[in-house]
Protein chains: 2
Amino acid sequence: MSSSARAKRAAAEDRLDLVFHALSDRTRRDLLARLAVGPAMVTELAAPFAMSRIAVSKHLKVLERARLVVRAIDGRVHRCSLAAAAPQDVERWLGHYRAFWHDTLGALARYVERDEKNGRE
Amino acid sequence: MSSSARAKRAAAEDRLDLVFHALSDRTRRDLLARLAVGPAMVTELAAPFAMSRIAVSKHLKVLERARLVVRAIDGRVHRCSLAAAAPQDVERWLGHYRAFWHDTLGALARYVERDEKNGRE
DNA sequence: GCAATATGAAACCATTTGGTTTCCTATAAT
DNA sequence: ATTATAGGAAACCAAATGGTTTCATATTGC
């Protein structure tokens, strides 16, 4: 149980790595913005950018790994769309800091405390 | 005006790059968590980690560049603390996606629209 | 069947990243 | 004055990033 909890925690950390890294690139944020308007295929997504289609394709893969984007393959067309579900772990993580920034300190301190108990490393 | 608006926007984008990148590393997130408990000097911050002080120092520099952490030099001691102010741009950015994920689509579409008008690129 | 299209795979390249170790410089403390 | 302490700087290294180009593979349209 403690071991599975640790495993789950490690996975959540990985997800945070993936999501934050995915968001740290302007091109990828632009792709998300475009996808927010509606689904699109890869070529369509790549068109507005001053870089090769392959480069955009790689960015899409990063977004997919972070599970921010999903892809439905239909014949030769790959239709990409924003993942419907919010990244809960990210929201949760940021929530603690928002609490800190807004009402100064309490919530995050509690978070860290809980964290220690939960057998971090 | 439109040129200065563009410049400001580019700066905001850079900030997003910096902040998201800073958050994409587990060590750095752990540092933030530690700092949320209270200010600390570099050696103190480095102690719990299985890496050199210099490595932690570099991570701190990344957090500083993203303006998530500030440093007050007092004699030979560098006292680091969480930046008091929330990264507004980040909050704003995420806010739009939160809106999308929660009430599906509307807010983000509006965001993108406004974005186009505001002379992106 | 054949040409055009949508896409990925592989190999490559320069730069950045996350680490290290080995110095060097201030400031304290005794 | 000497020694211990807090810290950065520089040089280095392996691995990951963000690009590229070239080639390969399905699918679709005629």
Looking at [X], I'd like to know whether one of its side-chain N or O atoms comes within less than 4.0 Å of OP1 or OP2 on [N].
{"X": "A/Thr43", "N": "C/dT7", "value": "yes"}
{"X": "B/Arg28", "N": "C/dG18", "value": "yes"}
{"X": "A/Ser52", "N": "D/dG19", "value": "no"}
{"X": "B/Thr27", "N": "C/dG18", "value": "no"}

**Request:** Return the 5'-most residue of the pair A/Arg65, A/Gly75 with respect to DNA chain D, ranking by each residue's nearest nucleotide.
**Result:**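 Checking each residue's closest nucleotide, the 5'-ward one belongs to A/Arg65.
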For the residue pair [X] and [Y], what are the closest heavy atoms and their distance?
{"X": "B/Thr27", "Y": "B/Phe49", "answer": "CG2-CE2, 3.7 Å"}
{"X": "B/Ser24", "Y": "B/Arg29", "answer": "C-NH1, 3.7 Å"}
{"X": "B/Val42", "Y": "B/Cys80", "answer": "CG2-SG, 4.2 Å"}

**Request:** Starting at CG of B/Leu82, measure out to CG of B/Leu63 and round the result to the nearest 0.5 Å.
**Result:**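 Reported to 0.5 Å precision, the distance equals 9.0 Å.
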**Message:** Would you compute the distance between atom NE2 of A/His78 and atom CD of A/Glu64 and round it to the nearest 0.5 angstrom?
**Reply:**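 A/His78 atom NE2 to A/Glu64 atom CD measures 9.5 Å (nearest 0.5 Å).
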**Asked** By the rule that ILVMFWY residues connect when side-chain heavy atoms come within less than 4.5 angstrom, directly or transitively, which residues belong alongside A/Ile54?
**Response**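 A/Ile54 shares its hydrophobic cluster with no other residue.
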Taking atom [atom2] of [N] as reference, at what distance in whole Å does atom [atom1] of [X] sit?
{"X": "B/Met51", "N": "C/dT20", "atom1": "CE", "atom2": "P", "result": "7 Å"}
{"X": "A/Arg53", "N": "D/dT22", "atom1": "CZ", "atom2": "C1'", "result": "12 Å"}
{"X": "A/His78", "N": "D/dT27", "atom1": "NE2", "atom2": "C1'", "result": "10 Å"}
{"X": "A/Leu18", "N": "D/dT17", "atom1": "CG", "atom2": "C1'", "result": "14 Å"}
{"X": "A/Asp74", "N": "C/dT7", "atom1": "CG", "atom2": "P", "result": "11 Å"}
{"X": "A/Ile54", "N": "D/dT22", "atom1": "CD1", "atom2": "C1'", "result": "10 Å"}
{"X": "B/Arg26", "N": "C/dG19", "atom1": "CZ", "atom2": "P", "result": "12 Å"}
{"X": "B/Glu44", "N": "D/dA6", "atom1": "CD", "atom2": "P", "result": "10 Å"}

**Request:** Residues of residues 56-64 of chain B with any non-hydrogen atom less than 4.0 angstrom from an atom of DNA chain C: list those, numerically ordered, please.
**Result:**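 The answer is B/Lys58, B/His59.
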**Asked** Do the side chain of A/Arg76 and the base of C/dT5 come within less than 3.5 angstrom through a donor-acceptor pair of N or O atoms?
**Response**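 Per atom types, the contact qualifies.
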**Request:** Select one nucleotide: of C/dG19, D/dG18, D/dA6, the one nearest the side-chain heavy atoms of A/Asp25.
**Result:**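 Per side-chain heavy atoms of A/Asp25, the pick is D/dG18.
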**Prompt:** Which nucleotide sits closest to the side chain of A/His21: D/dG18, D/dG8, C/dG18?
**Reply:**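 Output: D/dG18.
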**Item:** B/Arg34 bridged to B/Asp30 by N-O distance under 4.0 Å
**Value:**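 No salt bridge links B/Arg34 with B/Asp30.
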**Asked** NA contact type, A/Ile73, heavy-atom cut-off 4.0 Å: base, sugar-phosphate, or nothing?
**Response**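 The answer is nothing, as A/Ile73 stays clear of every strand by at least 4.0 Å.
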